[in-house]
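Just so we're on the same page: letters track the sequence lines, and every chain starts at 1. No hydrogens, no waters, no symmetry mates; every other heavy atom, side chains included, goes into these values.
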2 protein chains.
Amino acid sequence: MALEHAILVSLTERAGSGYELTRRFDKSIGFFWGATHQQIYRVLKRMDEAGWVAVEHVPQDGKPDKKVYTVTQAGADEIARWLAEPTAPPELRDELAVKLRAAAFSDPDVMIAEVERRRAHHAERLALYEAMSERDFPDPNALTGSALHQFLVLRGGVSAERGFVAWCDEAAAALRREKGES
Amino acid sequence: MALEHAILVSLTERAGSGYELTRRFDKSIGFFWGATHQQIYRVLKRMDEAGWVAVEHVPQDGKPDKKVYTVTQAGADEIARWLAEPTAPPELRDELAVKLRAAAFSDPDVMIAEVERRRAHHAERLALYEAMSERDFPDPNALTGSALHQFLVLRGGVSAERGFVAWCDEAAAALRREKGES
DNA sequence: GTCTGCATGTAACTGGTTACATGATTAT
DNA sequence: ATAATCATGTAACCAGTTACATGCAGAC
């Protein structure tokens with residue numbers, strides 16, 4: 001269970017409201033740990049009750065009030081505790097893999113098109129991560145601290161998406177070969 | 001929602017009981033779509049009520065009775081319907097990525113050890129998939145039909161695990177470099 | 001006599017998704 | 001007018017996990 005921790009990490013980088021956190025989870029940290037606003041508000045409330053975060057009501061003109069959350073000492077302690085804990089490996093759960101296994105029941109062209117659609121999705125993601133990487137970290141060898149760590153997370157995305165693209169290409173080629181032979 | 005479909009696909013390959021399905025979900029199909037026995041029994045019951053599968057009670061000597069499930073016509077129709085549907089891309093959800101981002105709050109050696117632990121996990125998985133690949137599909141270019149599709153799913157695992165291993169290596173090297181410099 | 005494997009389940013809980021709801025401001 | 005953005009939330013539901021429960025057979 002790590003949405004709590006993802007939020008804590010994000011809040012240590014910069015304090016913010018539930019809404020702002022939702023924006024962050026639409027990009028950057030959210031690429032590796034997704035969350036919707038409902039979930040974020042719920043967890044924020046729970047963490048406030050647990051004393052991991054403190055709230056400050058900030059009135060704004062022209063906009064609704066916002067509740068800005070900051071990490072408390074108890075929250076920082078919780079991050080440290082969690083960091084020292086062993087990390088669960090991610091499980092792959094890919095619907096396309098299950099569909100591929102059932103491809104014999106499908107029109108080959110439909111299956112090939114679906115694999116290609118997925119290839120496009122991953123290629124887009126890959127391009128995005130690579131663009132972010134070049135824009136924000138043009139000189140990787142000079143990086144240290146937080147910037148280095150953020151860069152490494154991005155590199156994880158690049159690596160994963162490259163793998164997916166290669167897989168889609170291999171699968172599409174094999175399905176085409178099979179179709180041609182029959 | 002695809003556990004239903006993963007089970008249907010597995011049952012079209014071979015009829016079986018909840019227990020047998022649980023075994024299959026501990027390997028092969030389960031590498032790409034995990035499920036516990038409780039979940040499987042529950043979904044099987046639901047699918048029976050929906051008429052997607054039919055049950056046959058099989059008494060055995062020396063062993064408890066088992067309920068062998070087979071896919072009905074309605075179940076086959078459901079597979080076809082699902083195959084034609086667009087497939088949701090998998091979201092990466094990796095706790096290690098979140099931890100990496102918080103690495104500044106951690107002892108560098110602990111973080112490096114954790115990355116290495118994960119590297120070992122993925123290397124093991126990779127070796128397993130490659131061994132399965134060589135054992136079950138020694139001549140990939142000759143494959144067609146179901147065997148080809150199963151092979152392609154395995155290749156997805158190989159591709160994903162290779163990506164993870166490369167990432168762990170890159171991250172560990174960078175963290176070491178950073179540690180050495182400070 | 002204790003553990004592993006076969007075989008099936010219930011119950012409580014946690015985490016995540018979808019739908020609904022409100023209300024002001026700014027830009028087209 | 002109407003849509004988008006800011007900002008917060010409730011409620012119902014679905015999927016998945018953990019713990020508990022039963023009972024027989026065969027191996028060590």
Given D:dA15, D:dT8, C:dA7, the nucleotide with the shortest approach to the side chain of A:K67:
D:dT8
Length of the line joining A:Y19:OH and D:dT5:P, which is rounded to integer Å:
8 Å
Whole angstroms only, please: what is the NE2-C1' distance between A:H37 and D:dC6?
12 Å
Taking atom types as they are modelled, would you say the side chain of B:R93 forms a donor-acceptor pair with the base of C:dG15 within the 3.5 Å cutoff?
no
For B:Q60 and A:P64, take the nucleotide of DNA chain C holding the closest heavy atom to each; which residue's nucleotide lies nearer the 5' end?
B:Q60
Side chains of B:R117 and B:H121 only: does a donor on one sit below 3.5 Å from an acceptor on the other?
no
Separation of atom CZ in B:F25 from atom C1' in D:dG16, rounded to whole Å:
13 Å
Which is true for B:Q38 with a 4.0 Å heavy-atom rule: it touches a base, it touches only sugar-phosphate, or it touches nothing?
base
Which of the following nucleotides, D:dG9, D:dC6, C:dA7, is nearest to the side chain of B:K66?
C:dA7
Mind checking B:S17 for me? I need base, sugar-phosphate or nothing, with any heavy atom below 4.0 Å counting as a touch.
sugar-phosphate
Examine the base of C:dT8 for any acceptor or donor lying under 3.5 Å from a partner atom in the side chain of B:R42, and report the outcome as yes or no.
no
Between B:E178 and A:T144, does any side-chain donor sit less than 3.5 Å from a side-chain acceptor?
no
Can a side chain N or O of A:Q39 be found less than 4.0 Å away from OP1 or OP2 on C:dT17?
yes
How many whole angstroms separate atom CG of A:D48 from atom C1' of D:dG9?
15 Å
Keeping the roles fixed (side chain from B:T72, backbone from B:W52), state whether a donor-acceptor pair exists under 3.5 Å.
yes
How long is the line joining CD of B:E95 and P of C:dG15, in whole Å?
12 Å
Modelled atom types, side-chain donor and acceptor of A:E95 and B:H5, under 3.5 Å:
no
I need the CZ-C1' distance between A:R23 and D:dA7, as an integer number of Å.
10 Å
In whole angstrom, give the distance that lies between atom CD of A:E20 and atom C1' of D:dT5.
13 Å
Salt bridge check: are A:E130 and A:R162 linked by an N-O gap of less than 4.0 Å?
yes
Provide, to the nearest angstrom, the distance between the CD1 atom belonging to B:I40 and the C1' atom belonging to D:dA15.
14 Å
The nucleotide from C:dT10, D:dT17, C:dG9 with an atom nearest the side chain of B:K45 is C:dT10
Give the nucleotide from the list D:dA7, D:dG9, C:dT8 with an atom nearest to the side chain of B:Y41.
C:dT8
